[in-house]
Asker: 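Let me give you the structure first, and then I'll get to my questions.
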Amino acid sequence: MINPSTVLAVYLLTVCGCLAATVAPERAPAGTLYFSTNGAAANNLIAYDINTDGTLGAHGIDAPAPTSPDALFSQGSVQVSGKHVFATNPGSNTVAMFAINPANSSALSLVGSPMSSGGQFPNAIAVSQQTGHVCVANGGAVNGIQCFTADNTLGLRPISNSFRSLRLNLTTPPVGPAGTVSGVLFSEDGSKLFASVKGYPPTPGFIATWDVSTKGELSSNFTTSTPAAGGLLPFSMTLIPGKNALLNTDPGIGFSIFDFAKGDVASSSAYPIAKQQATCWSTYSQKTGTFFLTDAGTSTVTEVKVNNNLGASILKQYPLAAGSFTLDVSVATINGKDFLYVLQANSTSISVMSLKGPGRATPVQTYDFARDCENAGISLDSNNIQGMSVFVS
Ligand SMILES: *[C@@H]1O[C@H](CO)[C@@H](O)[C@H](O)[C@H]1NC(C)=O
Ligand SMILES: *[C@@H]1O[C@H](CO)[C@@H](O)[C@H](O)[C@H]1NC(C)=O
Ligand SMILES: *[C@@H]1O[C@H](CO)[C@@H](O)[C@H](O)[C@H]1NC(C)=O
Ligand SMILES: *[C@@H]1O[C@H](CO)[C@@H](O)[C@H](O)[C@H]1NC(C)=O
């Protein structure tokens, strides 16, 4: 369901406040949700405050710049970590670091200047929980990983010995989704870096694994893990807490579990999701202990449970508005409760679900941001909206 012949260009994100604050002073926001419009005339990083009940208020941050249309074939192009937001600019081959103002998390300031992503068409970002190092996946003709230190004043600084090619035969921008780069992720202990790459059916894609030094250098070569039979298009990767393993969405079948406990070449099991079309994005809720996967083709959220032996099962499915095109998905813990945020590009909306317990997600809000963007003079192309991450105050 992702248009295979289209591409995205995004240029420098600069920031200006655009939408008026709507949060009353006595209701300080509990956090902020950011997503990228990747519009044809401008790339806007939009910020929405999250109210203390988990629903959305409205703020905006605008960045005019020329782009050409469409999606990134990836998860993680906008990434919140600590008090920073990182965003890729595939059209200018750069990555930008913003500081979140703790007193007003919709006020961002660029830290340093946008840096070369080390390759072309950067479309995904990972941040190490141990070192704060930032690694960017490039999915164009010059493809592969570049890692950076993230300095609070200097911004991103490339780490020497950290550009590592994926040796893919791609163009800039890439033709996809088949064969393209999907995502990048640090292992839970920070000692490995994973990148997911879709296959060209019937040839499956793979997950590349590098060793990461404490300085953020990557091993010169990567090892390759392929999905079990049925797996074809490794897309998003979400860590399975406490295991050396990850859940990987796969629009060719549903999802796969990759277990790295016995080494860098993972064992894998593939799980079909009946009638799925484009299961591409995923996240995890600490409160429910379950995973939430979105399918852009069926506009459905699928909740998955993974047991102690890494066996997975589908707990429940939640159909959202048909044709809304559910893309990126994030969880935020607000006042001790988990909420799920689902970006629905084709209906220019974000759906909020309250995660009351495993199998008990309840829709609490669908917020259409089209009017806010129009009021702020931000042009939206629903085909281009992509990349979402949440900051909790
Ligand atoms: C927070 O920052 C945004 C973006 O700069 C601005 O529009 C808004 O007025 C600020 N809110 C407050 C309460 O200062
Ligand atoms: C790379 O892909 C192009 C098509 O996009 C093809 O013509 C070319 O032969 C490929 N090169 C290699 C080395 O596989
Ligand atoms: C890395 O891969 C290249 C190409 O396959 C090979 O020539 C080289 O020996 C490998 N290096 C290491 C350290 O494994
Ligand atoms: C997108 O939404 C429009 C209605 O706004 C609908 O006609 C169209 O079918 C939707 N596209 C997809 C791919 O579902």
Side-chain angles (χ1 to χ4, degrees), residues 1-9 35-40 46 68-75 90 119-121 123 138-144 164-182 195 197-206 208 221-222 224 226 232-233 235 249 251-252 273 275-281 293-302 317-329 342-351 363 365-374 378-388:
M1 289 303 293
I2 297 169
N3 189 332
S5 65
T6 47
V7 292
L8 170 73
F35 66 90
S36 175
T37 64
N38 300 323
I46 307 285
S68 66
D70 211 345
L72 298 173
F73 313 133
S74 69
Q75 170 163 305
Q120 293 172 349
F121 201 76
N123 67 352
N138 291 276
V142 181
N143 53 75
R164 293 293 179 257
S165 176
L166 274 163
R167 299 184 218 120
L168 301 171
N169 181 16
L170 297 172
T171 52
T172 303
V175 177
T180 57
V181 176
S182 309
V197 178
K198 299 168 210 77
Y200 290 100
T203 305
F206 61 92
N221 288 348
F222 60 84
T224 299
T226 48
L232 287 172
L233 303 165
F235 208 104
T249 54
I273 298 178
K275 296 183 180 155
Q276 74 87 33
Q277 292 177 28
T279 308
C280 298
W281 295 271
L293 287 52
T294 56
D295 181 335
T298 61
S299 295
T300 294
V301 176
T302 298
Q317 293 194 285
Y318 308 89
L320 299 183
S324 63
F325 230 92
T326 51
L327 307 183
D328 303 70
V329 63
V342 182
L343 184 61
Q344 292 162 282
N346 194 43
S347 60
T348 59
S349 298
I350 291 159
S351 274
Q365 185 187 28
T366 299
Y367 189 90
D368 187 336
F369 48 78
R371 179 173 300 221
D372 293 336
C373 290
E374 191 184 325
I378 298 167
S379 75
L380 271 187
D381 181 340
S382 56
N383 285 337
N384 295 353
I385 300 161
Q386 176 126 66
M388 181 179 65

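Both counts, for ligands and for their atoms, begin at 1 and track the order of listing. In this chain, residues are counted from 1 in sequence order. Values below: all heavy atoms of this structure, side chains included; hydrogens, waters and symmetry mates excluded.
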Asker: Considering only heavy atoms of F325, which atoms of ligand 4 have at least one such atom less than 4.0 Å away?
Answerer: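 Reading through ligand 4 atom by atom, the close ones are 13 (C).
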Asker: Is there a donor-acceptor pair closer than 3.5 Å between any side-chain N or O of T172 and the backbone N or O of A141?
Answerer: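 Yes, the answer is positive, given that a donor and an acceptor are paired below the 3.5 Å cut-off.
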Asker: If you apply the rule side chain to side chain donor-acceptor pair (under 3.5 Å), what do you find for T366 with S351, and how did you get there?
Answerer: CA-CA 4 Å; T366 299; S351 274; 3.0 Å; yes
Asker: Using a strict 4.0 Å cut-off to heavy atoms of N346, name the atoms of ligand 4 that fall inside it.
Answerer: 1 (C), 2 (O), 3 (C), 8 (C), 10 (C), 11 (N), 12 (C), 14 (O)
Asker: State which residues pass side chain to side chain contact (heavy atoms under 4.5 Å, CB included) with T171; sequence neighbours excluded, sorted by chain then number.
Answerer: V175
Asker: Is the backbone N or O of D295 less than 3.5 Å from a side-chain atom of T326, with the two atoms forming a donor-acceptor pair by type?
Answerer: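 Flag set: sc T326 to bb D295 pair under 3.5 Å.
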Asker: Okay, side chain of S165, backbone of R167: is any donor-acceptor separation there less than 3.5 Å?
Answerer: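 Yes.
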Asker: Report all protein residues having a heavy-atom distance below 4.0 Å to some atom of ligand 2; order the list by chain, then number.
Answerer: N169
Asker: Not counting sequence neighbours, which residues clear side chain to side chain contact (heavy atoms under 4.5 Å, CB included) with P201? List them please.
Answerer: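 P201 satisfies side chain to side chain contact (heavy atoms under 4.5 Å, CB included) with A178, L232, L233 only.
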Asker: Among residues at least two apart in sequence or on other chains, which ones pass side chain to side chain contact (heavy atoms under 4.5 Å, CB included) with V197?
Answerer: L166, L168, F206
